[in-house]
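Heavy atoms only: backbone and side chains are in, while hydrogens, waters and symmetry mates are out. Protein chains get the first letters and strands the later ones, always in sequence-line order, with residue 1 at the start of each. Just so you know, these numbers come straight off a predicted model, no measurement behind them.
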Amino acid sequence: MPDKRVINISREFSATPFGRYRSDGLESGEVFRETMLIPALRESSSVTLDIDGVAGLPSSFWEEAIGGLIRRDWAAEQVRQKLTIVTTDRELLVFVRLAWRYLDEADRKVRKPA
Amino acid sequence: MIGAVGLVFGSIITPAIVASIVTFYFNLRAEKRRAERDFVTKTFDGAREDVRRAIEAAAEYLSLPSGERNPSVEAKIIIAERDVRHSVETLIAFSNPQSGGCKPLEAALDDFIDALTGGTFGSASCAADLPQVRKVASTGARLRSAISTARQLELKEAVDADVLARSTRAALAYAREDQGPLMDMEQSSLPMSLPTSTRPSAGEK
């Protein structure tokens, strides 16, 4: 089992990720989460998501990929311990901040009693 | 004869040369500062314009069901989103963290980017998303306001730090009051009054 996995979204998935659900296309957040992110989190002790090189990460894609982890029964704390999101591009920094916001918001919604 | 030449040099030519050198130096410095301010002002104005374009494109796109959404408008949103990220992150990088404008700008940028390509953006089957249109418009308005506030804070900081501006204000204050010695520089650097809200206060029409 590899100890550490690095995923570069633009090289390994898509440079132009788009859409929330699988029905929106093969570059959607759901496809990314199910085919890349969750397997990497399961198989590795730590995962680094490198977002350098993407044109942008539409919020619908990004929320489904990150916030969707909580809806797929991952604990926010567990994700925080395993996942690191990095970029060297100043223009993409907003997506690093948003990823943790989506994780926390999804966690709050899941915990909130119906 | 030599004495007269010496007198002319000593009392007229030398002071004139010194004065012209000093004037040249201050003009150069003022010109450089004005060019810097013009550049930053244009960047701030450009950022506000980018946000406006993004809001308009999002309103056009999200107010239609997915089947009627125009790919060219979708492209406009993607371009505008990138422009906004570029310009606002540039402003954040330029801004002095101590001016207090960076954090609200960053938070407003996050909210706007979240709204702009969130909701049903890119969805293959959905109805018109009017709540998202309102969210984009309100977060966009807040970002435009945060950009303006950041600019005001930057200008205030620049004016407060400028020795010439402080001296001028001190001199003006002295002239107005027409009393006592020239005010202490620290005392003269009174904060510029900045509006904290554009809403009229209670009782004000």
Side-chain angles (χ1 to χ4, degrees), chain A residues 9-10 13-34 51-71 85-109, chain B residues 43 47 50-51 54 57-58 61-62 66-67 69 71 73-95 102-126 129 131-132 135-136 139-140 143 146:
Chain A
I9 296 182
S10 71
F13 183 70
S14 169
T16 53
F18 193 81
R20 182 180 293 272
Y21 303 117
R22 195 179 291 272
S23 58
D24 299 329
L26 292 175
E27 294 169 313
S28 64
E30 184 182 6
V31 173
F32 173 71
R33 187 189 68 222
E34 296 301 320
I51 60 173
D52 277 356
V54 294
L57 294 168
S59 308
S60 48
F61 166 89
W62 202 218
E63 198 286 328
E64 190 56 37
I66 304 293
L69 289 171
I70 304 294
R71 295 189 286 275
I85 302 166
V86 296
T87 180
T88 54
D89 186 346
R90 201 178 58 216
E91 285 176 35
L92 297 175
L93 278 176
V94 60
F95 298 116
V96 178
R97 296 193 297 266
L98 282 176
W100 302 120
R101 178 200 279 199
Y102 294 147
L103 193 75
D104 290 339
E105 281 176 0
D107 189 45
R108 269 199 300 275
K109 280 181 192 166
Chain B
T43 312
D50 289 340
V51 176
Y61 177 84
L62 293 167
S66 58
R69 287 178 180 176
V73 182
E74 194 173 279
K76 273 190 208 168
I77 295 176
I78 292 169
I79 293 167
E81 187 251 14
R82 191 157 191 178
D83 287 346
V84 169
R85 272 192 286 126
H86 173 78
S87 50
V88 178
E89 288 289 2
T90 303
L91 292 179
I92 292 170
F94 270 138
S95 296
C102 284
K103 280 285 167 196
L105 197 55
E106 204 173 84
L109 174 68
D110 290 0
D111 289 344
F112 182 64
I113 295 295
D114 171 42
L116 185 62
T117 53
T120 57
F121 180 81
S123 174
S125 61
C126 64
D129 195 354
Q132 195 66 17
K135 195 176 171 190
V136 171
T139 55
L143 178 56

Quiz item: With sequence neighbours excluded, what pairs up with A/S10 under the side-chain hydrogen bond (donor to acceptor under 3.5 Å, both in side chains) test?
Solution: A/N8
Quiz item: Going through the checks in order, is the side-chain contact (heavy atoms from CB on, under 4.5 Å) test met by A/R101 and B/D111?
Solution: CA-CA 10 Å; A/R101 178 200 279 199; B/D111 289 344; 2.6 Å; yes
Quiz item: Does A/D24 reach the main-chain N or O of B/S123 with its side chain, forming a donor-acceptor pair under 3.5 Å?
Solution: no
Self-check item: Minimum-distance pair of heavy atoms, taken over all atoms of B/G119 and A/S60
Solution: O-CB, 4.1 Å
Quiz item: Who wins among B/L116, B/T90, B/I78 for the most heavy-atom pairs under 4.5 Å with chain A?
Solution: B/T90
Quiz prompt | Structural part of A/Y21 lying under 4.5 Å from a heavy atom of chain B | solution = neither
Self-check item: Listed partners of B/T117 passing side chain to side chain contact (heavy atoms under 4.5 Å, CB included), at least two apart
Solution: A/P58, A/S59, B/I77, B/E81, B/F121
Quiz item: When only heavy atoms count and the cut-off is under 4.5 Å, which of residues 93-100 of chain A reach chain B?
Solution: A/L93, A/V94, A/F95, A/R97, A/L98
Quiz prompt | Those residues that, when tested against B/T43, pass side-chain hydrogen bond (donor to acceptor under 3.5 Å, both in side chains) (two or more places apart) | solution = none
Quiz item: Less than 4.5 Å apart, any side-chain heavy atom of A/L92 and any of B/R85?
Solution: yes
Self-check item: Part of B/E74 within contact of chain A (heavy atom distance under 4.5 Å)
Solution: side chain
Self-check item: B/T120, part contacting chain A, at a heavy-atom distance under 4.5 Å
Solution: neither
